[in-house]
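Reviewing the structure listed below.
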Amino acid sequence: MSGKPKLHYFNGRGRMESIRWLLAAAGVEFEECFLETKDDLTKLQKDGSLLFQQVPMVEIDGMKMVQSRAIANYISAKYNLYGKDLKERALIDMYVEGITDLNELIMYHPSQPADKKEQHFATIVDKATNRYFPVYEKVLKDHGQDFLVGSRLSKADVQLLETILMAEECKPDILAKFPLLQSFKARISNIPTIKKFLQPGSQRKPPLLEKDVPKVMKIFY
Amino acid sequence: MAGKPKLYYFDGRGKMESVRWLLAAAGVEFEEEFLETREQYEKLLQGGSLLFQQVPMVEIDGMKMVQTRAILSYIAAKYNLYGKDLKERALIDMYVGGTDDLMGFIMMFPFLSAEDKEKQRAVVVQKATSRYFPAYEKVLKDHGQDFLVGNNFSWADVHLLEAILMVEEKKSDVLSGFPQLQAFKARISSIPTIKKFLEPGSQRKPVPDDKYVETVRRVLRMYYDVKAN
């Protein structure tokens with residue numbers, strides 16, 4: 001039948017990283033096909049593989065899925081990372097959408113023009129520490145449970161850990177005022193599938209270096 | 001217990017319009033509280049009603065839901081507009097992702113300078129006719145069914161109709177190369193709940209104008225220049 005999921009993207013984080021995290025957390029092995037040049041993208045576009053001419057694209061269960069949210073939702077539902085009912089799903093969706101907003105801010109940092117970089121960095125730190133982290137700190141404080149929603153691991157926990165680690169790459173002490181997020185980070189990082197993903201040699205991608213931005217831009221523009 | 005859903009937003013389309021469409025399509029009556037002043041917004045903030053300090057916010061089933069995508073997914077699932085299984089949901093999510101991206105090009109329109117508006121209009125039309133409409137035209141052509149997914153009315157159909165009408169407001173003959181979409185538009189517009197929503201006097205909001213822009217800027221203290229993407 002269908003083999004392992006196959007991810008089509010460039011060899012970097014971007015919008016595919018959250019999907020790598022989810023598959024890894026669920027203990028699902030996957031393959032990757034890296035776009036290196038514009039021709040690689042054009043080829044995929046021409047053979048009708050990309051519904052809206054864009055990547056990420058994931059071949060999974062006989063589908064060529066595009067749209068990172070759609071892909072993440074499918075994986076989460078399939079592997080029981082989406083809560084047990086509609087209301088838990090609503091909470092998970094709210095938390096994930098919020099953290100995705102922060103994640104995207106950080107994602108776009110390497111490609112900011114030189115004169116905007118400092119301000120952009122300040123925005124990241126401001127939003128992380130004043131808008132987003134306080135929310136998740138309060139959620140954990142209010143219910144006192146190990147996971148964000150429904151007392152078990154969900155997409156929300158995985159994406160929050162992913163974004164915390166990205167934020168720490170920007171500012172190592174960014175969790176200083178958030179004791180519950182610190183213990184959350186330790187706890188979720190220790191889950192065997194996630195622990196494995198955090199080790200060297202996994203399919204987790206490093207942050208994009210400024211010097212590599214032009215190469216990535218060439219693929220897409 | 002649970003009354004009608006209550007929508008908190010400006011008196012205009014923005015990110016809330018898709019929610020209005022979906023509730024209307026599902027035949028669900030809803031109330032609206034329009035943000036007119038900074039004070040109203042600060043009151044909502046201080047009351048802890050806005051999880052990430054942002055609107056849209058919808059009070060529904062005892063929750064104060066924020067994040068448009070989360071709200072829409074909840075409504076779609078609750079009112080059986082989200083397909084019958086995981087795979088149909090996957091298709092709906094993909095299609096809605098596309099129309100969301102397309103409508104995103106239109107969302108900042110009212111905030112742009114006159115010159116940028118013209119440029120953005122061209123971008124919207126180009127994306128619609130070369131990327132998005134062809135995708136949906138092909139979906140409909142390939143299966144020959146009335147609805148995008150699973151031979152059943154879903155969120156994807158509502159969202160696509162909304163997007164089509166918004167793009168037509170920028171170029172009235174934009175569907176001329178897309179016969180399937182023309183028929184789709186007529187068909188979905190005739191669904192009784194949608195037909196009602198399209199009539200004058202419904203809660204559907206008009207094309208945003210300067211007054212809307214002024215209100216948003218004032219309430220959110222958003223005075224920076226908006227550039228097209």
Side-chain angles (χ1 to χ4, degrees), chain A residues 15 45 48 50-54 56-58 60-80 82-83 85-102 108 116 119 123 127-128 130-136 138-139 142 155-156, chain B residues 2 15 45 48 50-54 56-58 60-80 82-83 85-102 127-128 130-136 138-139 142 149 156 224 227 229:
Chain A
R15 293 184 185 284
Q45 287 168 334
L50 306 179
L51 184 63
F52 303 116
Q53 315 304 326
Q54 298 164 314
M57 188 269 277
V58 175
I60 184 168
D61 296 341
M63 299 181 285
K64 286 184 157 100
M65 286 200 72
V66 297
Q67 291 286 329
S68 26
R69 269 192 193 88
I71 299 165
N73 287 355
Y74 181 77
I75 293 167
S76 302
K78 183 175 178 185
Y79 296 104
N80 292 313
Y82 219 159
D85 58 27
L86 262 197
K87 284 214 166 172
E88 286 194 354
R89 227 163 76 195
L91 284 175
I92 290 168
D93 279 341
M94 279 195 278
Y95 297 159
V96 166
E97 289 295 308
I99 214 62
T100 302
D101 285 348
L102 178 59
Y108 286 117
K116 295 248 163 78
Q119 193 188 19
T123 303
K127 294 271 191 243
N130 293 319
R131 175 170 287 182
Y132 295 106
F133 290 166
V135 168
Y136 302 102
K138 182 178 191 298
V139 167
D142 285 353
K155 170 168 64 131
Chain B
K15 287 183 188 284
L45 283 175
L50 307 179
L51 188 64
F52 301 111
Q53 301 153 20
Q54 298 164 316
M57 188 270 278
V58 175
I60 183 168
D61 297 340
M63 299 182 284
K64 288 183 154 85
M65 286 199 73
V66 296
Q67 293 290 336
T68 321
R69 237 10 212 282
I71 297 165
L72 289 168
S73 295
Y74 180 77
I75 294 167
K78 182 176 177 182
Y79 295 103
N80 292 313
Y82 218 162
D85 58 28
L86 264 197
K87 285 214 166 172
E88 287 194 355
R89 225 162 78 194
L91 286 175
I92 291 168
D93 277 343
M94 281 197 277
Y95 298 158
V96 163
T99 39
D100 205 36
D101 286 346
L102 177 56
K127 294 270 189 221
S130 64
R131 174 174 289 183
Y132 296 103
F133 289 171
Y136 300 104
K138 183 176 192 296
V139 167
D142 285 354
V149 179
Y224 52 83
K227 285 272 158 206
N229 48 14

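Keep in mind that the numbers below use all heavy atoms, side chains included, and drop hydrogens, waters and symmetry copies. The sequence lines fix the lettering, A, B, ..., with proteins before strands; numbering per chain opens at 1.
- The minimum heavy-atom distance linking D101(A) with Q67(B) is given by the pair OD2-NE2, 3.5 Å.
- Interface summary for chain A: among K127(B), M65(B), K138(B), M94(B), the most heavy-atom pairs under 4.5 angstrom belong to M94(B).
- Contact annotation for R131(A): both backbone and side-chain heavy atoms come within less than 4.5 Å of a heavy atom of chain B.
- The minimum heavy-atom distance between A90(A) and A70(B), with the atom names listed, is O-CB, 4.3 Å.
- In this structure, K87(B) and D61(A) have side chains that are in contact, with non-hydrogen atoms separated by less than 4.5 Å.
- Looking at V135(A), only its side chain comes within 4.5 Å of chain B, counting heavy atoms on both sides.
- Contact annotation for Q67(A): only side-chain heavy atoms (C-beta onward) come within less than 4.5 Å of a heavy atom of chain B.
- Residues forming a side-chain hydrogen bond (donor to acceptor under 3.5 Å, both in side chains) with S76(A) (at least two apart in sequence, or on another chain): none.
- In terms of non-hydrogen atom pairs under 4.5 Å with chain B, the most contact-rich of K78(A), Q54(A), Q53(A) is Q54(A).
- In terms of the side-chain contact (heavy atoms from CB on, under 4.5 Å) criterion, residue partners of V66(B) (sequence neighbours excluded) are, by chain and number, M94(A), L51(B), F52(B), M57(B).
- Note that the CG atom of L86(B) and the CD1 atom of I75(A) stand 11.5 Å from one another [nearest 0.5 Å].
- Of the two parts of K127(A), neither the backbone nor the side chain holds a non-hydrogen atom closer than 4.5 Å to a non-hydrogen atom of chain B.
- Within the model, atoms OG of S73(B) and CZ of R69(A) stand 9.0 Å from one another, a figure rounded to the nearest 0.5 Å.
- Only the side chain of Y82(B) comes within less than 4.5 Å of a heavy atom in chain A; its backbone stays farther off.
- At a 4.5 Å heavy-atom cutoff, D85(A) makes no contact with chain B through either its backbone or its side chain.
- In the displayed structure, K78(B) atom NZ is contacted under 6.0 Å by more than 12 heavy atoms of other residues, nucleotides or ligands.
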